[in-house]
Amino acid sequence: MPPSSTVEVPLRASATAARPSESAAENNAPYTLPDLVCFAHLHWDFVWQRPQHLLSRFAQYGRVFYVEDAFYHHDNLVEPHVEIKLRDNGVKVVVVHLPARLREDEAAADQAQFEVLSHYFAEQSVTNYVFWYYTPMALGKSRQFTPKLTVYDCMDELAAFKFAPPELKKREQELFAKADLVFTGGHTLYESKREQHPDAHPFPSSIDKAHFGQARGPMAEPADQAGIAHPRIGFFGVVDERLDIELLRELAENHAEWQFVIIGPVVKIDPATLPRTPNVHYLGGKDYKELPAYLKGWDVATLLFADNESTKFISPTKTPEYLAAGNPVVSTPIRDVVRPYGDLKLVHIADNAADFGAAIAKALTQRTDADWRQRTDDYLATISWDQTWQQMVSLMQARLGAKKPDASTTMTGVPLMPTKVSEVTLPPIA
């Protein structure tokens, strides 16, 4: 029997991926979810963040299909087809390839993706499944399917991001109407979304303490950071419109004695706009497993976020990650950092370059503060991705259990999806 039926599924694990703790596996009800199909705007291999933390855990108990945005070729020689990439714990990353002629025809591109996915899911005997959305824009290629449960894990206010599709807000309203559950990436986002869906739940950024806790022990210094002088003031994350470029510029110019280490890919902004003083070092993107070694070499970690529409609802995952690594932290006044980290005096908060510099100076002396470290560790003990994942699973199982049996969703051996409705020719599935 394929793991698409709602029976108890044994734990599947890989030695390199995140896995739920033994206590989480032992103290909760058996895992009884169907296959999980996730629609995401983020590439699985881009930056390891919320989707990877959660879905790698789902994949240890059942099948997970992570559907990325389509890949458009530069010519029309290719026919629509699917590419499958196997990742940690058996996550199957699904990418539909499309010819260039469909790039300017959204309806035709969505229909082609729907048909390719229908073909692939039928081959995989996906007959009982949950849909998990990170982007409402995926409805174009998925609204014709019939999932047993629909979850919208709203990790960001995507409509506020640079280059957001103009129809995103309308699609989100459609997704709210379809969704059984809405999860949010932070409390500020929850306060907005709970007004739009009756079953919304806040799940702020959590932490893999064991992974980032490695920075508190002996680790080799990464070669590209080893030659940078101290004190080192660090930031890691995607460098885009959310980064306060002018704040970084002022700090670097006002404090030539500090070295600013910036880790992460530069996207959606012109790299030429970034400050290029000798004490600012851009080390590029790093693999998730490398981050603790970089954090270990920092004296202070920062959240250099701008005050704009794109940051109004964010709940930075890096906040608890910095703290788990043992780093003092200074942040701009992002609401989900102020609450709870600023209020608990675990993170310094500053809203201008002068105050931010003063906060960094204070943070440079904080490693010897035993009270701060104890309070930080006490708080971190209350959160984990294991706990977040288990709470989500419990809500999903409860909603599935409350649904009345329906002949359209309980048939065995028949894919729960409509037949093809156009004449797009599909090649054999590789």
Side-chain angles (χ1 to χ4, degrees), residues 37-47 51 65-85 92-123 131-147 150 152 154-179 238-242 265-273 309-310 417-430:
V37 179
C38 175
F39 294 94
H41 58 295
L42 300 166
H43 290 291
W44 182 269
D45 297 326
F46 178 50
V47 175
F65 302 89
Y66 187 85
V67 183
E68 297 183 348
D69 285 341
F71 178 85
Y72 288 90
H73 288 249
H74 293 299
D75 54 52
N76 291 315
L77 301 178
V78 66
E79 289 297 323
H81 67 279
V82 69
E83 175 190 8
I84 306 300
K85 298 180 283 189
K92 291 184 177 178
V93 176
V94 180
V95 183
V96 176
H97 288 245
L98 297 177
R101 67 177 181 273
L102 294 182
R103 185 184 292 274
E104 304 304 324
D105 189 340
E106 182 181 359
D110 284 340
Q111 180 61 32
Q113 290 180 76
F114 162 70
E115 293 177 2
V116 171
L117 292 172
S118 294
H119 188 180
Y120 174 69
F121 291 152
E123 281 208 344
F131 271 6
W132 179 288
Y133 287 89
Y134 279 109
T135 171
M137 296 307 296
L139 283 170
K141 62 191 174 192
S142 64
R143 62 167 62 93
Q144 298 180 67
F145 290 102
T146 311
T150 297
Y152 177 24
C154 181
M155 63 182 287
D156 288 304
E157 185 62 87
L158 295 179
F161 282 18
K162 199 170 186 178
F163 307 129
E167 65 272 27
L168 195 149
K169 288 186 177 181
K170 182 179 179 181
R171 289 277 179 94
E172 185 175 62
Q173 293 307 308
E174 181 184 350
L175 183 52
F176 281 137
K178 288 179 176 290
V238 179
V239 179
D240 58 15
E241 73 273 20
R242 291 169 294 178
V266 179
V267 300
K268 294 192 289 183
I269 62 173
D270 183 355
T273 63
E309 285 300 308
S310 69
M417 54 195 68
T419 55
K420 294 168 61 177
V421 294
S422 80
E423 298 301 319
V424 174
T425 302
L426 301 178
I429 301 297

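When reading the values below, keep in mind they use all heavy atoms of this one structure, side chains included, and skip hydrogens, waters and symmetry mates.
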Practice prompt. Kindly indicate whether the side chain of D69, heavy atoms from C-beta on, has any atom under 4.5 Å from the side chain of H41.
Written response: yes
In this structure, CE of M137 is separated from CG of L175 (nearest 0.5 Å) by 11.5 Å
* Asked: Quick one: are V267 and V239 in side-chain contact, heavy atoms under 4.5 Å?
  -> no
dist E172:CD -> L139:CG (nearest 0.5 Å) comes out at 10.0 Å
Residues at least two apart in sequence or cross-chain that pass ring-ring contact (aromatic ring centres under 6.0 Å, His included) with H43, listed by chain then number, are none
Closest heavy-atom pair, N76 versus R101, reported as atoms and distance to 0.1 Å, is OD1-N, 2.6 Å
The reported gap from OH in Y72 to CG in L102 (rounded to nearest 0.5 angstrom) is 6.5 Å
request  = Please work out whether the ring planes of F121 and F65 are parallel, tilted or perpendicular, with thresholds of 30° and 60°.
outcome  = perpendicular
Q.
Measuring only between side-chain heavy atoms, which start at C-beta, is V67 closer than 4.5 Å to Q113?
A. no
Find out whether F71 and E83 are in side-chain contact, i.e. whether some heavy atom of one side chain is under 4.5 Å from a heavy atom of the other. no
Per ring pair (Phe, Tyr, Trp, His ring centres under 6.0 Å), Y152 is matched among F176, W132, Y133 by F176
- Query: Considering residues, nucleotides and ligands other than K170, do more than 12 of their heavy atoms fall under 6.0 Å from its NZ?
  - Reply: no
Requested in this report: Please test V238 against F46 for side chain to side chain contact (heavy atoms under 4.5 Å, CB included), starting from the C-alpha separation and ending with a verdict.
Outcome: CA-CA 10 Å; V238 179; F46 178 50; 3.8 Å; yes
Evaluate the side chain to side chain contact (heavy atoms under 4.5 Å, CB included) criterion for residues I84 and V93: first the C-alpha distance (whole Å), next the side-chain angles of each, then the deciding distance (0.1 Å), finally the verdict.
-> CA-CA 6 Å; I84 306 300; V93 176; over 6 Å; no
> Can you find a side-chain donor-acceptor pair between Q111 and Q144 that sits under 3.5 Å?
Replying inline: yes
Hits for side-chain contact (heavy atoms from CB on, under 4.5 Å) against A40, two or more places apart or cross-chain, chain-then-number order -> C38, Y66, Y134
Salt bridge (charged side-chain N to carboxylate O under 4.0 Å, His left out) pairs touching residues 102-113, sequence neighbours excluded, are E106-R171
Looking only at heavy atoms, the pair that brings P51 and W44 closest together is O-CZ3, 4.2 Å
Closest non-hydrogen atoms of E241 and I269, given as atom of the first, atom of the second and distance, are N-CG2, 3.7 Å
dist F145:CZ -> T150:OG1 (nearest 0.5 Å) comes out at 12.0 Å
Exercise. May I ask you to test the M155-L42 pair for a side-chain heavy-atom distance under 4.5 Å?
Key: yes
